Amino acid sequence: MTNTPIRALDGLKVLDLSRVLAGPYCAQLLADHGADVIKIEPPTGDETRGWGPPFVEPGTSAYYRNLNRDKKNIVVDLSVPEGRDVLETLLRDTDVLVENFKAGTLAKWGYSDDELRDRFPALVHCRITGFGTDGPLGGQPGYDAVLQAYGGLMSVNGAAEGPALRVGVPVVDQVTGILAFSGILLALNERHRSGLGQLVDCTLLDTAVSLLHPHSATWLANGTVPRRTGSAHPTIAPYDAFTAADGPLFVAVGNDRQFAALTEVLGVQELADDPRFRTNPDRVRHQQELRAALENPIAAHSRTELTALLTARGIPASPVHDVAEALTAPQVRHRGLVIEHDDYRGLASPVSLSRTPARERPVVRGAGADTREVLGAAGYEDEAVEEALARGVVRGPEPEVTCGDA
């Protein structure tokens, strides 16, 4: 009898043909919640294996390791017919296919949308592309920063007097991975009724545009092109970073009651009755004057002291943490968001379920580490596997990073 907890996606079979970030992150979320994920890499490998330093071992970057845990790994040359025969065999008992090939690649190999639907009617096919497969830019490749630029995100990020800036994390890629994860779960839920799979069509462009709120709402309402506001909010004030005695502090005032409490904590109660600052629309219209009036009172306090005073009055506030401070913050550790097991260090699944929790298994396989096992389980005889290895259709085991079970 085992005490291993049941996970929400136990028994689900996933084929991960994706590379870089959005697709691998989606597949890792599925794996964390119990799916049996097989990652197929091309002979050249997922390029993020070389995206370093830092490297956790030769040929495996920290970047790659934090997107590809708990996946079996095989290397298959899909550019040759024998490699596509391997793919065909694996698809026969696959529930979910995740891929981010250039538009038209799968169709060229005999796996168009219609062909996949005809041969594998129950398959949930998640396709991730930059701009989609049709339209004026259909088929164009896209990286996160390119879509931040095209989708308008860079235009609203940065200081008002400075240039447009890329958001400091690959937010478009990561949110696309989360949306792909969500879309797959929707399709699987519908499959219970119909018995049929469907295409989950995710694009980086769709994600980027979806993230434009509230700037998109402003333009759609009155045609005003939003300007950059640094860390300030375009429609709420004060909602910005300030300099405390020992570093930056963010203060988020969402209503008039909170503003009155802020002025009391800072000893500047007169600001709450100033006609320039009485209501949120007033404060937004006079944002620069308000900031100037708050800077010195805030600078008189340390970040920790003022955060405690403000949060005690129901005013959201926090020190502006760097990455090290964030990943060692007591609440982050309390939530179990950082995994440290043997020599594996990474981030836990952000999806928390009470009865069927994620169980992250920090094992990151080398390229081709599971080729023999996966093909054997798919019905290949040992001789056929060895012949495919000898001909270079598939590649055999490479050294792996094994960190045990969490």
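What you see is a predicted model; the values in this text were computed from it and never measured.
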* Asked: Looking at Arg84 and Glu88, does any basic side-chain N land under 4.0 Å from a carboxylate oxygen?
  -> no
Modelled atom types, side-chain donor and acceptor of Asp246 and Ser302, under 3.5 Å:
no
Next on the checklist: I'd like to check Ile128 versus Cys126 (side-chain heavy atoms, cut-off strictly below 4.5 Å). Are they in contact?
Outcome noted: yes
Test: Lys72 and Asp36 ion pair at under 4.0 Å = yes
- Using a 4.5 Å cut-off on heavy atoms from C-beta on, say whether the side chain of Thr224 contacts that of Thr218. yes
Notebook entry, point to check: Is there a donor-acceptor contact under 3.5 Å from the side chain of Asn280 to the main chain of Thr235?
Noted result: yes
Note to self: Taking Glu41 first and then Arg19, would you say they form a salt bridge - that is, a charged N and a carboxylate O separated by under 4.0 Å?
What the structure shows: no
Contacts satisfying side-chain hydrogen bond (donor to acceptor under 3.5 Å, both in side chains) that involve residues 371-386 (not counting sequence neighbours) are Thr89-Tyr380, Arg372-Glu386
With side chains defined as the heavy atoms from C-beta onward, is the minimum distance between Ile38 and Lys13 less than 4.5 Å? no
Open item on the list: Would you say His341 and Glu360 are linked by a side-chain donor-acceptor pair, where the criterion is simply a distance under 3.5 Å?
Closed with: no
Self-check item: Charged N-O contact under 4.0 Å between Arg283 and Asp256
Solution: yes
- [ ] For salt bridge (charged side-chain N to carboxylate O under 4.0 Å, His left out), just list the numbers for Arg127 and Asp113, CA-CA rounded to whole Å, side-chain angles, deciding distance to a tenth of an Å, and then say yes or no.
- [x] CA-CA 10 Å; Arg127 180 175 66 208; Asp113 293 348; 3.0 Å; yes
Check your understanding: Below 4.5 Å, heavy atoms only, C-beta onward: do Leu91 and Leu15 meet side chain to side chain?
Key -> yes
Item to complete: Could you label the plane-to-plane angle of the Trp51 and Tyr63 rings as parallel, tilted or perpendicular, counting under 30° as parallel and over 60° as perpendicular?
Response: perpendicular
Side-chain (Arg313) to main-chain (Glu264) donor-acceptor, under 3.5 angstrom = no
Sorted by chain and number, sequence neighbours left out, side-chain hydrogen bond (donor to acceptor under 3.5 Å, both in side chains) with Thr94 holds for none
Quiz item: Passes side chain to side chain contact (heavy atoms under 4.5 Å, CB included), His301 versus Leu266? Steps please.
Solution: CA-CA 9 Å; His301 299 267; Leu266 296 177; 4.2 Å; yes
Practice item. May I ask you to decide whether Glu82 forms a salt bridge with Arg391, counting only side-chain N to carboxylate O separations under 4.0 Å? Key: yes
| task | Would you please say whether a donor-acceptor pair under 3.5 Å links the side chains of Ser112 and Asp114? | result | no
### Non-hydrogen side-chain atoms of Val394 and Leu375 separated by less than 4.5 Å
yes
| field | Full working for side chain to side chain contact (heavy atoms under 4.5 Å, CB included) between Arg276 and Leu290 | value | CA-CA 8 Å; Arg276 296 173 299 170; Leu290 176 60; over 6 Å; no
Requested in this report: Give a yes or no on whether a salt bridge exists between Asp46 and Arg49, defined as a side-chain N under 4.0 angstrom from a carboxylate O.
Outcome: no
| Given the rule in the ring pair (Phe, Tyr, Trp, His ring centres under 6.0 Å) test, do Phe131 and Tyr150 qualify, once you have shown the distances and angles that lead to the verdict? | CA-CA 10 Å; Phe131 293 90; Tyr150 188 89; 5.3 Å; yes
Closest heavy-atom pair, Ala272 versus Thr263, reported as atoms and distance to 0.1 Å, is CB-OG1, 3.9 Å
- For Lys71 and Asp370, what are the C-alpha separation, side-chain angles and deciding distance, and is it a salt bridge (charged side-chain N to carboxylate O under 4.0 Å, His left out)? CA-CA 9 Å; Lys71 302 177 185 180; Asp370 303 291; over 6 Å; no
Open item on the list: Is it true that Arg69 and Tyr344 share a donor-acceptor pair across their side chains at a distance under 3.5 Å?
Closed with: yes
If only side-chain N and O atoms count, and only distance matters, is there a donor-acceptor pair under 3.5 Å linking Asp32 with Gln28?
no
| task | Compute the ring centroids of Tyr239 and Phe250, then answer whether they are less than 6.0 Å apart. | result | yes
Practice item. Could you check Val200 against His125 for side chain to side chain contact (heavy atoms under 4.5 Å, CB included), going step by step and ending with a plain yes or no? Key: CA-CA 6 Å; Val200 179; His125 171 201; over 6 Å; no
task = Examine distances only and state if a side-chain atom of Arg395 and a backbone atom of Pro43 form a donor-acceptor pair shorter than 3.5 Å.
result = yes
>> Between Thr176 and Asp173, is there a side-chain donor-acceptor contact under 3.5 Å, judged purely by atom types and distance?
In response: no
Flag the pair Asn68 / Lys39 as yes when at least one side-chain heavy-atom distance between them is below 4.5 Å, and no otherwise.
yes
